[in-house]
Each structure stands twice: as C-alpha cells, then as structure tokens.
Amino acid sequence: MEMGRIDLIEHHFRIPSPEHEIFFEPFQVNGIRVFIKRDDLIHPFVSGNKWRKMQRYIKDAFDSGCDTLVTYGGAFSNHLLATAAAGSIFGLKTKGIIKGLHADLNNPVLTLCRIFGMTCEITSSDEYNDLKRDNSRNAGASYMIPEGGYGHIGALGCEQLIEELQQSYDHLFCSVGTGTTLAGICNGLIKKGFSTEINGISALKGADSLMNEIQELTPQGTFNLHRNYHHGGYAKVSPELVKFIGEFTAETGVLLDPVYTGKMFYALSDLIASGYIPEGSRILCVHTGGLTGLMNERMLKKFSR
Ligand SMILES: *Cc1c(COP(=O)(O)O)cnc(C)c1O
C-alpha cells in the first residue's frame with residue numbers, strides 16, 4: 001500500500017480486535033470456557049471478516065494502479081457496504097453491481113453504500129451472473145473484487161486474525177458464507193503449528209460445491225463443516241434462532257446478526273448441549289460482524305414479536 005495509507009489503517013480500524021471470555025449460562029457446563037474474537041468491533045461498516053478479506057484486495061488494487069473498486073452482491077450484502085466504506089477511506093472510487101428487479105431498488109444498506117460514494121448499478125439475475133463471470137478480469141483502472149471477497153487474496157488477509165491471538169484454543173468456531181474466512185483461519189493455524197479443531201457453520205442451505213470451494217483455498221486445511229444449522233436457508237430464521245439471539249445478546253452484551261453469527265453461536269450451544277464438545281475445552285468464536293443483517297423489514301418483523 002502507498003505510504004501514508006498505512007496510517008489510515010491505524011486510524012480507522014481497530015486492529016488487533018479485542019479477544020475476551022464470554023459468560024452465557026448454557027455454555028457454562030463441563031468446565032468449558034468460551035472466548036470471542038471481536039472482529040465486529042474492527043469498523044462499524046467494514047465489519048469483521050469483511051475488512052480482513054478486503055485488505056489484500058485493496059493493496060493489490062493500489063499495486064495495480066487502479067483507482068476504482070468494482071464488486072458484486074445482493075441488495076443487503078455486507079460485502080458491498082464494506083467495499084463502499086473501505087473505498088472512501090482509501091480514496092478509491094467504488095462501483096457495486098447489485099442483483100435486483102427494479103432500477104430504483106433501495107434499502108438502508110444501499111443507502112449507506114451511496115452515502116459512502118458507491119455507484120450502485122441494479123441488474124437482473126441473468127445479467128448479474130454474466131457480469132460476475134468476468135470478475136477475475138481487471139479492466140483498466142477498475143479492480144474487481146470477487147463476489148463475497150472469495151479467493152486466495154481474501155483468505156490471505158484472514159490469516160492475520162490467527163497472528164493476533166493471545167492464547168491457544170482447543171476449538172475454533174466461525175460462520176461460513178463463501179468459506180474464505182474459514183480457509184484463511186485454517187492456513188493461519190497451520191502456519192502457527194496450532195492443532196485447534198476448526199468448526200465452520202454454514203449459513204446456507206445446500207451449496208454442494210462449498211466444501212470444494214473452501215478446500216481450494218486451503219488444500220492442507222482440515223475442518224468440520226456443519227451444514228445443518230441454516231434455519232431454513234440463507235438469511236432465513238427460525239423462531240428458535242430469534243429466541244436464542246435475544247437471550248444471548250441480553251445476557252452477554254454482544255449483539256449477534258441473524259444471518260451468520262447468530263447461527264454460529266446457536267450451533268455452538270447445540271453442540272455443547274449434545275456433548276460434542278469435550279469437557280474442559282477452551283473455545284474461540286470469531287464474531288465476523290454483519291449487524292446490517294437486521295436492517296430490513298422482514299427481519300425486523302421476526303424480532304418484534
Ligand atoms: C460475509 C460474512 C460471513 C461469511 O464469510 P465468508 O468468508 O464468505 O465465509 C460471515 N459472517 C458475517 C457476519 C459476514 O458478513
């Protein structure tokens with residue numbers, strides 16, 4: 001990154017992110033201790049793993065002489081908002097290609113993207129999928145960040161999370177979308193020589209190619225991919241999940257999002273209750289951020305009962 005830009009990282013991002021123990025009654029069994037890596041506190045809008053994944057792409061954009069970041073996402077994508085906010089910090093223009101039916105599509109996430117200066121281009125699903133296929137090709141001054149930040153460059157940035165750790169853990173839990181964060185964590189742990197058992201909790205239903213896509217980014221990595229905690233599918237919630245998020249947040253002061261981190265902590269709770277986690281384990285949960293997951297009418301209704 002250009003000189004002078006380094007300071008910007010220090011001024012805008014809370015790195016290393018805090019790491020602390022949490023006390024939630026259902027977790028306090030069998031001598032188990034649960035800690036949390038607060039990547040949600042790194043930045044309000046370049047939240048959590050989005051900054052970890054993005055940092056190397058931004059460096060690469062500068063190194064390639066590009067002045068514009070282009071990326072892809074759904075209308076409520078944390079990744080789009082993270083790109084918009086990060087671009088504004090580093091003086092890069094940003095363009096978002098957004099999947100949507102109507103050109104006048106708007107919501108609180110897109111409004112924030114526009115305030116941070118992103119040009120939002122709404123495209124139909126077909127058009128979106130065509131454009132996305134081109135995303136490895138950098139054109140002129142535009143630097144393409146793949147959808148969801150998926151890729152080796154994204155995973156590399158996530159290794160830093162492991163370098164920051166103040167102690168070692170028996171188990172690590174992380175939410176999974178594309179699996180880029182999980183892959184980076186696996187690679188980071190291998191480099192450190194830690195034998196932590198890694199658990200990824202998929203936020204998606206189905207996604208048969210997910211395992212291969214993650215393994216592509218971490219050929220040596222070994223991890224458990226839990227695929228039965230999606231609560232109906234991506235961005236879907238069940239009444240049990242809504243109840244769990246409320247109880248966890250009220251007791252710990254740590255707000256969870258319903259799309260990713262809520263499902264991860266729910267899974268941990270279930271795996272502790274079922275005896276899957278050995279006695280006396282020390283567990284680290286990565287809070288990957290994502291609190292904009294609550295910022296839509298449908299989700300607000302689920303939580304207002
Ligand atoms: C995007 C996101 C993820 C998924 O990260 P991947 O690296 O794509 O697996 C997890 N948690 C939160 C909060 C996110 O916003």
Side-chain angles (χ1 to χ4, degrees), residues 1 5-6 8-20 35-63 69 71 73 77-90 92 94 143 145-166 169 172-192 194 196 198-201 203 213-214 216-218 221 223 254 256-257 259-261 264 284-293:
M1 212 163 289
R5 298 280 165 191
I6 305 288
L8 289 177
I9 296 179
E10 268 173 40
H11 294 152
H12 286 269
F13 300 101
R14 190 167 175 192
I15 298 283
S17 66
E19 175 184 347
H20 65 81
F35 295 74
I36 186 167
K37 181 69 171 155
R38 299 296 304 276
D39 277 14
D40 57 316
L41 299 180
I42 290 178
H43 186 278
F45 301 114
V46 195
S47 184
N49 65 342
K50 297 298 180 282
W51 167 245
R52 303 251 183 226
K53 287 197 275 189
M54 185 123 11
Q55 52 181 337
R56 297 286 180 135
Y57 287 113
I58 289 179
K59 184 178 183 312
D60 206 26
F62 276 115
D63 290 349
L69 301 174
T71 197
S77 163
N78 292 323
H79 169 70
L80 277 182
L81 177 54
T83 305
S88 71
I89 289 168
F90 294 101
L92 294 163
T94 54
Y143 185 89
I145 302 180
E147 187 183 43
Y150 174 82
H152 287 284
I153 297 177
L156 198 59
C158 296
E159 290 183 17
Q160 190 186 24
L161 186 155
I162 300 302
E163 286 157 28
E164 290 172 18
L165 294 183
Q166 292 160 15
Y169 295 94
L172 184 148
F173 278 73
C174 178
S175 178
V176 170
T178 66
T180 303
T181 307
L182 189 80
I185 285 171
C186 288
N187 293 337
L189 286 167
I190 291 170
K191 280 190 189 161
K192 280 271 187 191
F194 289 162
T196 309
I198 305 164
N199 295 280
I201 311 298
E213 284 160 12
I214 304 174
E216 170 86 28
L217 303 182
T218 178
F223 51 88
V254 177
L256 303 179
D257 83 292
V259 181
Y260 293 104
T261 56
M264 178 197 62
L284 181 71
C285 296
V286 179
H287 194 319
T288 40
L291 299 170
T292 53

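For the numbers below, each heavy atom of this structure counts, side chains included, while hydrogens, waters and symmetry mates do not. Computed from a predicted model, the values in this text were never measured in an experiment.
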CD1 on Ile145 to CD1 on Ile153, rounded to 0.5 Å: 9.5 Å
Taking side-chain hydrogen bond (donor to acceptor under 3.5 Å, both in side chains) as the definition, give me every residue that meets it alongside Asn78, ordered by chain and number, with sequence neighbours left out. Thr292
Heavy-atom pair with the smallest gap, counting every atom of Leu41 and Pro18: CD1-CG, 4.0 Å
Determine, step by step, whether Phe90 and Phe62 satisfy the side chain to side chain contact (heavy atoms under 4.5 Å, CB included) criterion, reporting the C-alpha distance in whole Å, the side-chain angles of both residues, the deciding distance to 0.1 Å, and the verdict. CA-CA 10 Å; Phe90 294 101; Phe62 276 115; 4.0 Å; yes
Val286 vs Leu172 side-chain heavy atoms within contact, under 4.5 Å: yes
Closest heavy-atom pair and its distance - Ala183, Leu217: CB-CB, 3.5 Å
State, yes or no, whether a side-chain contact exists between Ile201 and Val176 at a heavy-atom distance under 4.5 Å. no
I'd like to know whether Leu189 forms a side chain to side chain contact (heavy atoms under 4.5 Å, CB included) with Glu159, so could you lay out the CA-CA distance, the side-chain angles of the two residues, the decisive distance to 0.1 Å, and finally the verdict. CA-CA 8 Å; Leu189 286 167; Glu159 290 183 17; over 6 Å; no
Using 30° and 60° as the class boundaries, would you call the ring planes of His43 and Phe13 parallel, tilted or perpendicular? tilted
Closest approach of Arg52 and Gln160, non-hydrogen atoms and distance? NH1-OE1, 3.6 Å
Kindly compute the distance separating SG (Cys158) from CD1 (Ile185), expressed to the nearest 0.5 Å. 7.0 Å
Is there a side-chain contact between Thr288 and Ser175 (heavy atoms, below 4.5 Å)? yes
Lys37 and side chain to side chain contact (heavy atoms under 4.5 Å, CB included): which single residue from His20, Glu164, Gln166 fits? Glu164
On a heavy-atom basis, the closest approach of Phe45 and Ala85 is CB-CB, 4.1 Å
Asp39 side, atom CG; Arg14 side, atom CZ - distance, nearest 0.5 Å: 11.0 Å
Partner of Thr83 under side chain to side chain contact (heavy atoms under 4.5 Å, CB included), picked from Val46, Leu69, Ile58, is Leu69
Could you state the interatomic distance from SG (Cys186) to CD1 (Ile198), rounded to the nearest 0.5 Å? 3.5 Å
Does the Tyr57 side chain pair with the main chain of Gly149, one donor and one acceptor, at a distance under 3.5 Å? yes
Any Lys/Arg nitrogen of Asp60 or Arg56 sitting under 4.0 Å from an Asp/Glu carboxylate oxygen of the other? no
Determine whether Ile36 and Phe173 make a side-chain contact, defined as any pair of heavy atoms from C-beta on separated by less than 4.5 Å. no
Rounding to 0.5 Å, atoms CD1 (Ile214) and CG (Leu182) come to a distance of 5.5 Å
Less than 4.5 Å apart, side chain to side chain, heavy atoms only: is that true for Cys174 and Phe223? no
Report the C-alpha distance between Met264 and Leu256 in whole Å, list the side-chain angles of each, state the deciding distance to 0.1 Å, and finish with yes or no for side chain to side chain contact (heavy atoms under 4.5 Å, CB included). CA-CA 9 Å; Met264 178 197 62; Leu256 303 179; over 6 Å; no
Rounded to the nearest 0.5 Å, how far apart are CD of Glu213 and OG1 of Thr180? 9.0 Å
Any salt bridge between Glu19 and Arg38, counting N to O under 4.0 Å? no
Verify whether one side chain among Asn49 and Thr181 offers a donor that lies under 3.5 Å from an acceptor in the other. yes
Shortest non-hydrogen contact from Ala82 toward Lys50: CB-CB, 3.6 Å
Is there a side-chain contact between Val254 and His287 (heavy atoms, below 4.5 Å)? yes
Report yes if some heavy atom in the side chain of Leu92 is under 4.5 Å from a heavy atom in the side chain of Tyr143; otherwise report no. no
